[in-house]
Amino acid sequence: MSKIIASAAIRGAHKLVRQAEESLAKAIAAKGKDAKIEYPNTAYYLPIMLLFLGQKVEKLGDLEESLQEARKLLHPEPSDELWLPYLGDALDSGVATLLAEETIEVLKYQNGSNPVNGIWLGFTDDAILRLQGIKLVDGRMPGFAAIVGCTKTNQEAVDLVRGLQERNILVFIAGNSNGRSIAEQLAEERIEMSWDTFLVPYGKDITAAVHALNFAARSAMTFGGVAPGDLKAARAILLYNKERVHAFVLALGDDPGVPKDQVITDEKYATAAGAINFGFPVISNVNIPEILPSGICTYEHVVANVPVAEIITRSVEVRGLHIKVEKVPIPVPYGAGFEGERVRKEDMFCQFGGKFTDAFELVRMKPIDQIEDGKVEVIGPEVDQMQEGQAYPLGIVVEVAGRKFQEDFESVVERRVHEYISCANGIFHMGQRSIIWVRIHKDAKAKGFQVKHFGSILVTKIHNDFSSILDRVQVKIYTDAAKIKAPMEEAKKVYSHRDDRIAGMTDEDVDEFYSCALCQSYAPNHVCIVTPERLGLCGAYTWLDCKASHQIDKHGPNEPVAKGECLEPVKGQWKNVNDYISIKSHGNLERFNAYSILEEPMTSCGCFECIAAIVPEANGVMIVDREYPNMTPVGMKFSTLAGQIGGGTQTPGFVGIGKLYISSAKFIAAEGGVERLVWMPKALKEEVGDRLKARLAKIGKEDLFDKIATEENAETPDKLVEFLTQVNHPALSLAPLV
Ligand code: SF4
Ligand code: ZN
């Protein structure tokens with residue numbers, strides 16, 4: 001252990017605890033000890049206090065206790081000669097630092113300093129945590145980097161984050177170096193920073209770095225099912241992070257005019273010590289003392305003097321990230337970090353579809369001799385024959401062949417087209433089938449991007465991801481307004497044929513369901529059983545997806561599960577399924593009912609699209625999706641509800657579900673089905689509206705749709721019952737739920 005780092009970390013911790021105490025004293029003087037204090041939209045109170053102290057902070061007064069604990073962890077401020085042979089003192093300082101930083105940051109939400117401001121995003125709420133969590137779970141994101149400081153030039157900053165985006169590494173940004181942050185450099189270069197682009201600027205103060213660590217702490221509690229409370233739990237959460245959340249810190253200091261040995265301040269050393277507690281190593285371009293493997297880490301804690309141009313490669317090695325960089329033969333950068341990027345109208349060279357022109361995309365199986373592998377054909381004008389600002393038609397027909405390919409897999413491959421195309425830097429893609437909308441950025445055009453490159457992307461990616469079920473891929477792209485008509489009509493026939501087929505598929509029709517164990521990398525005892533009428537609770541995996549995935553990789557996360565004897569036809573319970581989950585949950589779960597919310601429902605890992613919960617007063621069930629941040633009639637927000645049912649446990653009365661399940665014939669069939677549905681957020685009701693109406697029409701209950709309340713009708717149980725009585729909702733006259 002380096003004495004310089006330990007001394008600096010201890011000094012930094014002292015400073016930050018003092019700063020936190022001062023901020024708190026001011027806040028208490030202004031508002032009193034009983035004033036409420038919280039981060040927006042989380043069930044984890046102040047996650048750092050919950051993690052290290054098992055403390056549920058709700059009032060300003062509670063923070064006094066947190067800071068007393070932080071003080072206890074402070075070691076005497078060292079004189080320069082002090083020799084500290086162990087990491088222990090620095091690690092304690094790290095924890096004290098995080099407790100102080102959490103205090104300082106949460107107080108900003110109360111004292112008007114406004115942490116969400118301009119480019120800065122502040123605390124990450126639970127809804128985003130869950131949404132992004134699934135990407136960490138399924139490997140789309142191999143890990144995250146927390147960048148502190150800035151680079152010498154803006155170009156270095158751009159190259160660095162582009163490199164991280166191309167490797168799909170999530171980037172958190174906090175702090176500054178001599179008053180300058182890499183986030184400001186990126187903003188000057190007009191780089192879009194948001195959760196959608198994997199670039200998340202937390203705040204300009206170093207204390208905002210605590211948001212990366214409270215994100216990490218909540219990941220363990222949300223997905224790992226580790227309940228906080230005591231030292232043992234804290235250790236489990238830290239180990240979980242070390243093993244499963246592959247993160248590292250990039251401490252950059254390179255601004256001209258600051259001596260290299262002064263760019264890393266005491267506060268930064270202290271924060272680094274906090275990150276090391278999580279098992280996150282610190283990589284720096286500055287000459288700071290290195291720390292070699294010991295204690296919780298099997299790798300270096302601090303690696304110094306790495307040039308910015310090499311820092312990604314070095315970090316990936318140190319942290320042991322598994323990164324697949326696919327080389328897609330196009331003239332712009334490519335990676336999942338670009339997936340959510342938008343192209344604004346003023347930046348756009350040209351566009352396709354939307355409400356402007358005909359556009360569609362279709363994946364179709366063909367006899368193998370009709371396909372020339374890798375061929376891309378553009379029928380109509382290319383980008384250089386197009387005019388700036390104009391809209392053109394776009395019909396993308398992907399033809400595939402392979403001995404193991406089945407017609408059913410067409411839609412599985414087609415659903416990936418959106419992701420494949422959006423991952424190109426400077427390309428915006430929205431929608432699917434015949435409602436797509438695509439834009440090409442002026443910069444992408446300038447770099448030589450052409451319509452034919454959509455084809456290059458699709459050929460490469462489809463071969464990569466589906467090589468075990470298909471052998472040949474060719475792409476035809478129509479940009480000619482007349483020639484697109486016929487293939488577009490043909491595509492529409494294919495879509496409706498598919499819909500009829502899938503809609504008609506019931507759980508009774510098949511002998512096998514599929515398991516999904518993808519989330520076990522985060523929630524070790526959770527397993528989803530995916531049936532034709534009940535998709536995975538994350539909403540991302542249907543029965544067909546799982547079937548295709550199994551064909552692609554027999555040893556992958558999806559296995560066929562023969563149903564065996566049906567034990568409970570209405571509740572949805574089968575003997576072999578029970579046996580299977582009992583093994584896969586490592587004995588934690590013996591059985592569940594696929595169609596029940598009350599009796600032994602399915603478990604939830606944490607990445608559910610929606611939560612269904614019973615509302616006893618209304619004798620019914622409400623559904624809330626993770627996009628809805630406000631109060632629900634059960635007196636809990638989504639975040640609070642989510643905190644109660646995640647982690648792979650069974651919680652009667654609550655169940656995590658995918659949006660598609662709402663319009664399924666098996667939707668809580670055990671409790672009477674859709675007639676129990678009494679409330680959902682307006683936006684969700686609109687989103688699932690078409691499907692739900694079609695389902696209601698099928699059972700002759702069209703009038704039920706308008707009887708389902710939204711936040712516009714009621715936000716409390718009393719108001720809800722009043723509304724339901726008024727519209728004569730059928731739930732009120734069903735058998736009592738409880
Ligand atoms: Fe996770 Fe279930 Fe979705 Fe699979 S289907 S990714 S296990 S939530
Ligand atoms: Zn999950």
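Counting convention: from 1, in listed order, for ligands and their atoms alike.
Judged as a ring-ring contact (aromatic ring centres under 6.0 Å, His included), and not counting sequence neighbours, the contacts of H418 are H429.
By the 4.5 Å heavy-atom criterion applied to side chains, E559 and Y580 are counted as neighbours.
Atoms of ligand 1 lying under 4.0 Å from any heavy atom of L537, numbered from 1 in the order shown and given with element: 8 (S). In summary, the atoms of ligand 1 found under 4.0 Å from a heavy atom of Y541, numbered by their order in the structure, are 3 (Fe), 6 (S). Residue-ligand proximity, C538 to ligand 1, at heavy-atom distances under 4.0 Å covers atoms 3 (Fe), 5 (S), 6 (S), 8 (S). The ligand atoms of ligand 1 that sit less than 4.0 angstrom from a heavy atom of G536 are 5 (S).
For C516, the nearest N, O or S atom to atom 4 (Fe) of ligand 1 falls under 2.8 Å.
At least one heavy atom of C605 sits under 4.0 Å from some atom of ligand 1.
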Could you list the donor-acceptor pairs under 3.5 angstrom formed by side chains in residues 627-637, with sequence neighbours left out?
unit_1: E627; atom_1: OE1; unit_2: K659; atom_2: NZ; d: 3.4
unit_1: T632; atom_1: OG1; unit_2: V634; atom_2: N; d: 3.4
unit_1: T632; atom_1: OG1; unit_2: M636; atom_2: O; d: 2.6

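Residues F144 and F280 bring their aromatic ring centres within 6.0 Å. For F172 and F215, the distance between ring centers is under 6.0 angstrom.
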